[in-house]
Peer 1: 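Take this structure first; my questions come after.
What you see below is based on every heavy atom in this structure, not just the backbone, and it leaves out hydrogens, waters and symmetry mates. Quantities reported herein were computed from a predicted structural model and do not represent experimental measurements. A, B, ... follow the sequence lines: proteins, then strands. Residue 1 opens every chain.
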2 protein chains.
Amino acid sequence: MTVTLADVAARARVSPATVSRVLNGNYPVAAATRERVLRAVDDLDYVLNGPASSLAAATSDLVGILVNDIADPFFGIMAGAAQTEIGGQEGTGRAGGEKLAVVCNTGGSPERELTYLTLLQRQRAAAVILTGGALEDPGHIVAMTTKLAKLADAGTRVVLCGRPPLPGSDAIVASLAFDNRGGGRRLTEHLLTLGHRKIGYVAGPLERTTTRHRLEGHLAALAAAGLGDPASGEGRSTGSGEGRAGQEGLVVHGPYSRRSGYEATLELLRRAPDLTAVVAANDTVALGACAAVRDQGLRIPEDVSVAGFDDLPFSVDATPALTTVRLPLYEAGARAGRLAMGTETPPPGGIATITAELMARASTAPPRATR
Amino acid sequence: MTVTLADVAARARVSPATVSRVLNGNYPVAAATRERVLRAVDDLDYVLNGPASSLAAATSDLVGILVNDIADPFFGIMAGAAQTEIGGQEGTGRAGGEKLAVVCNTGGSPERELTYLTLLQRQRAAAVILTGGALEDPGHIVAMTTKLAKLADAGTRVVLCGRPPLPGSDAIVASLAFDNRGGGRRLTEHLLTLGHRKIGYVAGPLERTTTRHRLEGHLAALAAAGLGDPASGEGRSTGSGEGRAGQEGLVVHGPYSRRSGYEATLELLRRAPDLTAVVAANDTVALGACAAVRDQGLRIPEDVSVAGFDDLPFSVDATPALTTVRLPLYEAGARAGRLAMGTETPPPGGIATITAELMARASTAPPRATR
DNA sequence: ATTGCCGTAGCAAGCGCTTTCTATTGGGTA
DNA sequence: TACCCAATAGAAAGCGCTTGCTACGGCAAT
């Protein structure tokens with residue numbers, strides 16, 4: 001029923017070994033023979049049996065790209081770039097380096113993350129790229145470190161993209177981390193420079209590196225300006241008491257969703273009706289924040305400035321255009337793809353920090369009356 | 001180095017066959033024995049060798065989900081839903097039905113679509129889900145039909161989601177098609193009812209089923225209202241001559257991108273400065289259209305109404321909230337996932353049409369002066 | 001007691017490919 | 001002319017797992 005290597009060999013009047021070598025192109029085969037084999041392959045419409053091939057060669061051409069939320073362009077852009085870089089090199093003509101880059105959606109669930117890693121391990125994946133922020137739960141970190149070490153042991157190349165390096169994991173090929181802290185700091189500094197003193201912050205979900213780093217940057221900027229109490233920021237979103245400059249309780253956590261941005265902003269506005277700016281965990285959340293501000297009858301940026309993070313494509317189209325922090329998602333994804341393929345040399349120490357650039361646009365302006 | 005089934009068998013003091021049966025759970029094994037095996041698996045940290053298993057069993061647990069653009073939430077939502085449905089059933093406890101659902105990004109390129117299908121075929125994928133509009137190029141249709149038939153032949157379940165059925169392809173498990181034509185018609189009818197008579201249309205790329213169907217719906221509505229010349233719509237976007245009611249040349253094609261929407265709208269506005277509404281191929285394009293309308297100093301919806309298609313999450317957040325056509329992307333994706341798994345019975349004839357619902361919001365209103 | 005089965009476990013034959021090692025050939029060189 | 005080597009092709013041994021078939025106890029029925 002199905003055509004096998006042996007069938008092709010028979011038709012081309014050569015041995016199976018020769019067919020295999022023609023297909024893999026890693027052994028000299030006379031031009032005439034090669035031609036004959038290739039024609040037989042075509043005639044018979046032969047398709048290599050992946051599992052058999054992987055079993056015999058003890059390697060596979062599968063490359064897994066793990067994302068936290070496939071419906072979020074933040075991940076889509078990185079994954080697409082990586083996939084292009086990986087699947088793109090088919091110019092070889094032959095099946096040589098044809099990798100199968102696939103993206104796996106964890107939905108942000110640690111269990112699914114591990115499950116996918118196991119499944120990829122089963123398949124003896126050639127490489128794995130983990131994108132986006134990691135969960136900071138100690139147990140999960142241990143589980144991940146162990147799992148990744150095993151993968152690396154089995155020859156799988158592990159690359160992190162937009163995720164900080166795992167402590168003590170030298171098994172990893174490279175990790176490209178975004179400078180979320182620096183970006184967060186610059187964004188808030190921008191607001192401070194404009195004259196804002198009462199700034200609300202809609203943070204992402206707790207226990208995510210991305211969330212923590214961006215928030216740290218924000219708090220660092222405030223602290224440098226002599227505002228707020230850095231200690232109050234994390235873990236006590238519903239803060240109480242009075243801070244040096246009334247920044248207490250101006251941080252609310254929630255998922256990276258538009259809805260969360262909407263509700264958190266309403267909450268912030270209730271807690272501090274006099275705030276003049278809202279910084280969101282990312283652009284999607286910022287959109288929700290904008291809606292909430294408007295629904296309160298306030299104008300952007302005249303009454304309240306709003307800022308996001310990531311600079312997703314739609315951000316420049318928002319009205320007013322969203323001030324945000326640009327992350328070179330495409331470039332990072334592409335680079336991760338090349339690193340996974342081994343077509344780019346890893347950065348020194350396997351760690352690279354990717355700069356986050358402030359994009360000041362129309363959604364932020366000086367507060368109504370600078371005190 | 002690596003642990004194999006035999007190692008586990010030795011440790012559990014049973015034969016490899018028994019271990020295999022415990023792991024696959026498709027053959028009676030005494031409880032005590034099972035326990036022993038499971039413990040050995042744990043102790044040894046054994047991970048099944050996927051390729052070997054697939055080779056021997058002549059099946060694999062890979063499920064491929066093909067998307068046209070992974071950075072577009074339209075696809076992300078469907079893919080995520082399908083993946084959840086497929087990867088979600090791990091409740092079985094054992095490795096039983098653990099499928100590896102992966103998404104492959106074709107980037108809209110027919111070659112990559114075929115390449116991915118071949119790669120999936122190599123892996124003897126358990127199922128393949130094709131999402132979104134198809135290319136209407138005759139050559140590609142033939143190639144696809146042939147390829148899908150071969151996949152189906154090899155036991156791969158093929159499901160189409162958001163894509164019209166392939167003519168004469170009974171190899172396919174099911175196809176869930178969106179009622180793009182009906183949605184397009186209702187959307188334009190809505191505009192006509194509001195009193196619009198001069199409506200610009202920013203269509204998607206040529207030769208895509210989605211593009212054609214939506215446009216057909218639009219033109220059908222116009223024709224039913226005695227406006228426009230249906231024959232002028234397709235294939236002659238830069239129309240010439242005069243139509244019955246001056247709808248000529250009010251259709252411009254371009255990719256499904258924000259930028260395309262922006263430029264096309266500028267073009268439409270130049271051709272017909274008196275148009276009172278713009279219908280976009282999808283929400284992303286509509287966002288670009290909105291930007292263009294505003295940049296021309298026109299207000300939405302007072303001066304120009306704008307409408308989109310898909311009802312992506314951000315559409316309700318646009319200002320003003322975008323009138324659009326809702327497609328139940330998540331539900332469709334989930335259903336496709338179940339169909340691929342065989343956990344839902346296919347619709348009669350393998351074909352289901354999914355209704356598209358008009359969402360009239362603030363971006364559309366009666367034109368300034370109804371003539 | 002015998003027979004017949006049911007419930008379990010093992011044997012062993014592959015699944016379709018890769019790859020090491022071993023031929024075979026046809027010059028080029030001594 | 002004899003010899004050696006480079007270039008190319010084949011033989012065959014697995015890779016690690018699944019599964020049809022066989023084997024072996026007991027237990028119920030005869």
Side-chain angles (χ1 to χ4, degrees), chain A residues 1-38 40-41 44-62 94-96 98 121-124 126 154-155, chain B residues 1-38 40-41 44-62 94-96 98 121-124 126 154-155:
Chain A
M1 182 61 226
T2 57
V3 182
T4 74
L5 235 212
D7 299 331
V8 175
R11 183 169 235 269
R13 320 197 113 269
V14 296
S15 73
T18 301
V19 177
S20 171
R21 299 202 259 243
V22 168
L23 260 23
N24 292 300
N26 50 14
Y27 190 90
V29 173
T33 316
R34 174 196 313 289
E35 274 310 304
R36 207 142 32 90
V37 170
L38 254 24
V41 166
L44 264 35
D45 229 355
Y46 171 69
V47 175
L48 192 67
N49 182 316
S53 162
S54 294
L55 172 58
T59 64
S60 104
D61 50 8
L62 236 203
R94 267 313 93 202
E98 272 192 19
Q121 186 182 7
R122 264 212 210 340
Q123 302 301 324
R124 307 300 191 248
Chain B
M1 183 59 228
T2 57
V3 182
T4 73
L5 236 213
D7 298 331
V8 176
R11 184 169 235 269
R13 320 196 113 269
V14 296
S15 74
T18 301
V19 176
S20 172
R21 300 202 257 245
V22 167
L23 259 22
N24 292 299
N26 50 14
Y27 191 89
V29 173
T33 315
R34 173 196 315 288
E35 274 308 305
R36 206 142 31 89
V37 170
L38 254 24
V41 166
L44 263 35
D45 228 355
Y46 171 68
V47 174
L48 192 67
N49 182 315
S53 164
S54 294
L55 171 58
T59 63
S60 101
D61 51 6
L62 236 204
R94 265 313 94 201
E98 273 192 18
Q121 186 182 6
R122 264 212 211 339
Q123 303 300 324
R124 305 301 191 250

Peer 1: Between the side chain of R36(B) and the main-chain N/O of A12(B), is any donor-acceptor distance below 3.5 Å?
Peer 2: yes

Peer 1: Determine yes or no for a side-chain-to-main-chain donor-acceptor pair under 3.5 angstrom, with S20(B) supplying the side chain and P16(B) the backbone.
Peer 2: no

Peer 1: Could you measure the distance from the CG atom of L55(B) to the CG atom of N49(A)? Nearest 0.5 Å is fine.
Peer 2: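 Answer for the CG-CG pair, L55(B) versus N49(A), is 6.0 Å.
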
Peer 1: Do any N or O atoms from the side chain of R13(B) and from the backbone of A10(B) form a donor-acceptor pair under 3.5 angstrom?
Peer 2: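 Judged by distance alone, no pair lies under 3.5 Å.
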
Peer 1: Output one letter per nucleotide in nucleotides 11-19 of chain C: B when a protein non-hydrogen atom lies under 4.0 Å from the base, S when only the sugar-phosphate is that close, - when neither is.
Peer 2: B--BBBBBB

Peer 1: Please determine which of V29(B), V14(B), V41(B), V8(B) meets the side chain to side chain contact (heavy atoms under 4.5 Å, CB included) test together with V22(B).
Peer 2: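 With V22(B) as partner, V29(B), V14(B), V41(B), V8(B) yield a single side chain to side chain contact (heavy atoms under 4.5 Å, CB included), made by V29(B).
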
Peer 1: Between the base of dA9(D) and the side chain of Y27(A), is one N or O donor paired with an acceptor at under 3.5 angstrom?
Peer 2: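 Donor-acceptor pair under 3.5 Å: yes.
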
